[in-house]
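Accompanying notes for the structure given below.
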Protein chains: 2
Amino acid sequence: MEHDEPASVSDLFWAVARRMRRASRESLAPWEVTPSQLRALGTLMRHGPVRPGTLAGHLGIAPRSATEVVDALEERGLVRRETDPDDRRATLVVVTDPGRDLAAAVRSARASEADRLFAGLDEADRAELERLLRLLLDRTGPAERTLMPVDPGPPG
Amino acid sequence: MEHDEPASVSDLFWAVARRMRRASRESLAPWEVTPSQLRALGTLMRHGPVRPGTLAGHLGIAPRSATEVVDALEERGLVRRETDPDDRRATLVVVTDPGRDLAAAVRSARASEADRLFAGLDEADRAELERLLRLLLDRTGPAERTLMPVDPGPPG
DNA sequence: GAGGTTACTGAGGCAACCTCATGATGAGGC
DNA sequence: GCCTCATCATGAGGTTGCCTCAGTAACCTC
């Protein structure tokens, strides 16, 4: 018996989550970005320049937390803050060239240990897992932390 | 589309994880325990008095982290530390009566929103999810954090 | 009883969230 | 023009759940 046989599905879920976090942190280390930063970067790539608040909506986190991720990305030169010409209170978060490069590098390296973890499943299983996870997300309802309208945005 | 359509299975996984964390924190609030504390308590119930180090093994976390969880549980009066009669360096973590009561109460209330989340799936889907999660755990290998440090030698 | 090992814990750190308060700014009333 | 209220981002500070590193006490072998 290595770990505990997790007693419930949620325990199981957490056990997998812990593994994933460890794995992806390690695999992303060469790039000096964390998983959540990469996630935000990807979202920015897909949705073009958006405000921190909107980004928060996309990521499903509090606006304040988006500020932090943007801080981290900006510090690494991966994004840039620009004043929104339509609203001087707001800023637009723009992906820089280095940011674009990094995102591409990570993607092409497909290096995420987390992905490799999932790659351990065969195609059918992975699809099934995806279906179940999506189902869970839908179940909890789209309207939980979606304070932001989240415009569809242009396809990146 | 509420949030972003998560781009990869890992993103999906994290999205579900975030929901779960939020949900279970809320549902456990009345008892003033956190999910990880409850998990540890459950493990202690199943495995009887064990040392912190052993608990860490069961939970798949570092020994030092087990100390913390035990601290929290002890502070709440849910467990008690006793000196291991066989080894005076070691302590045995023992579930107290209040701890037992709380575990029972939580279980019987079945109140975990996280569980309710999973309960949203029908029987077959839940079983399938469980199978897949277990598969993922096995894939990454039982011997990962089983006993001690696990120093994979991170790049950098 | 020296020397190495093991058990726990103090100190300190980090990631990724959170809430609440504050300072601009925008939008609308009068 | 001015006042008020909503909204945007952010500062300040907190929480959870992990981590490593170093130290101390106790155990174990020779």
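Note that the coordinates shown come from a computational prediction; the quantities given were computed from them, not determined experimentally.
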Hey, does A:Thr91 reach any base, or is it just sugar-phosphate, or nothing, if we go heavy atoms under 4.0 Å? sugar-phosphate

If I take atom [atom1] in residue [X] and atom [atom2] in nucleotide [N], what distance separates them, rounded to the nearest angstrom?
X: A:Leu28; N: C:dC14; atom1: CG; atom2: C1'; value: 16 Å
X: B:Arg19; N: C:dC17; atom1: CZ; atom2: C1'; value: 15 Å
X: A:Leu92; N: D:dA9; atom1: CG; atom2: C1'; value: 12 Å
X: A:Arg51; N: D:dT7; atom1: CZ; atom2: P; value: 12 Å
X: B:Leu55; N: C:dA7; atom1: CG; atom2: C1'; value: 14 Å
X: A:Leu59; N: C:dA15; atom1: CG; atom2: P; value: 17 Å
X: A:Glu32; N: C:dC14; atom1: CD; atom2: C1'; value: 15 Å
X: B:Ile61; N: C:dA15; atom1: CD1; atom2: P; value: 19 Å

Short heteroatom pairs, N/O only, protein and nucleotides 11-13 of chain D, under 3.5 Å:
residue: D:dG11; atom: N7; partner: A:Arg64; partner atom: NE; Å: 2.8
residue: D:dG11; atom: N7; partner: A:Arg64; partner atom: NH2; Å: 3.1
residue: D:dG11; atom: O6; partner: A:Arg64; partner atom: NE; Å: 3.2
residue: D:dA12; atom: N6; partner: A:Arg64; partner atom: NE; Å: 3.3

Side chain of B:Ala90 (C-beta onward), nearest among D:dG17, C:dC8, C:dC17: C:dC8

Given C:dA15, D:dG17, C:dC8, the nucleotide with the shortest approach to the side chain of A:Thr34: C:dA15

D:dG17, OP1 or OP2 - any side-chain N/O from B:Ser36 closer than 4.0 Å? yes

Under 4.0 Å: is that the gap between some side-chain N or O of A:Ser65 and OP1 or OP2 of C:dC18? yes

What residues, two or more places apart in sequence or in another chain, satisfy salt bridge (charged side-chain N to carboxylate O under 4.0 Å, His left out) together with [X]?
X: B:Arg80; result: B:Glu82
X: B:Glu123; result: B:Arg126
X: B:Arg88; result: none
X: B:Asp101; result: none

Any chance you could lay out the side chain to side chain contact (heavy atoms under 4.5 Å, CB included) test for B:Val50 and B:Leu44, step after step, and finish with the verdict? CA-CA 7 Å; B:Val50 290; B:Leu44 288 169; 3.5 Å; yes

Could you tell me which residues satisfy side-chain hydrogen bond (donor to acceptor under 3.5 Å, both in side chains) with A:Ser36, sequence neighbours excluded, listed by chain and number? none

Residue whose closest nucleotide on DNA chain D lies nearer the 5' end, B:Gln37 versus A:Pro52: A:Pro52

Side chain to side chain contact (heavy atoms under 4.5 Å, CB included) partners of [X], counting only residues at least two apart:
X: A:Arg89; answer: A:Asp87
X: A:Asp97; answer: A:Arg100
X: B:Leu129; answer: A:Val9, A:Leu129, A:Leu132, A:Leu136, B:Phe118, B:Leu121, B:Leu133

Using a cut-off of under 3.5 Å, enumerate the N/O to N/O pairs linking the protein to nucleotides 26-28 of chain D.
residue: D:dC27; atom: OP1; partner: B:Arg88; partner atom: N; Å: 2.8
residue: D:dC27; atom: OP2; partner: B:Arg88; partner atom: NH1; Å: 3.4

Is there any salt bridge (charged side-chain N to carboxylate O under 4.0 Å, His left out) pair reaching into residues 67-76 of chain B, and which pairs are they, with sequence neighbours excluded? B:Arg64-B:Glu68, B:Asp71-B:Arg81, B:Glu74-B:Arg81

State, to 0.1 Å, how close B:Ala72 and B:Gln37 come at their nearest heavy-atom pair, and which atoms those are. CB-NE2, 3.5 Å

Enumerate the protein-to-nucleotides 2-5 of chain D contacts in which both atoms are nitrogen or oxygen and the separation is below 3.5 Å.
none

Transitive ILVMFWY side-chain link B:Leu59 to B:Leu92, under 4.5 Å: no

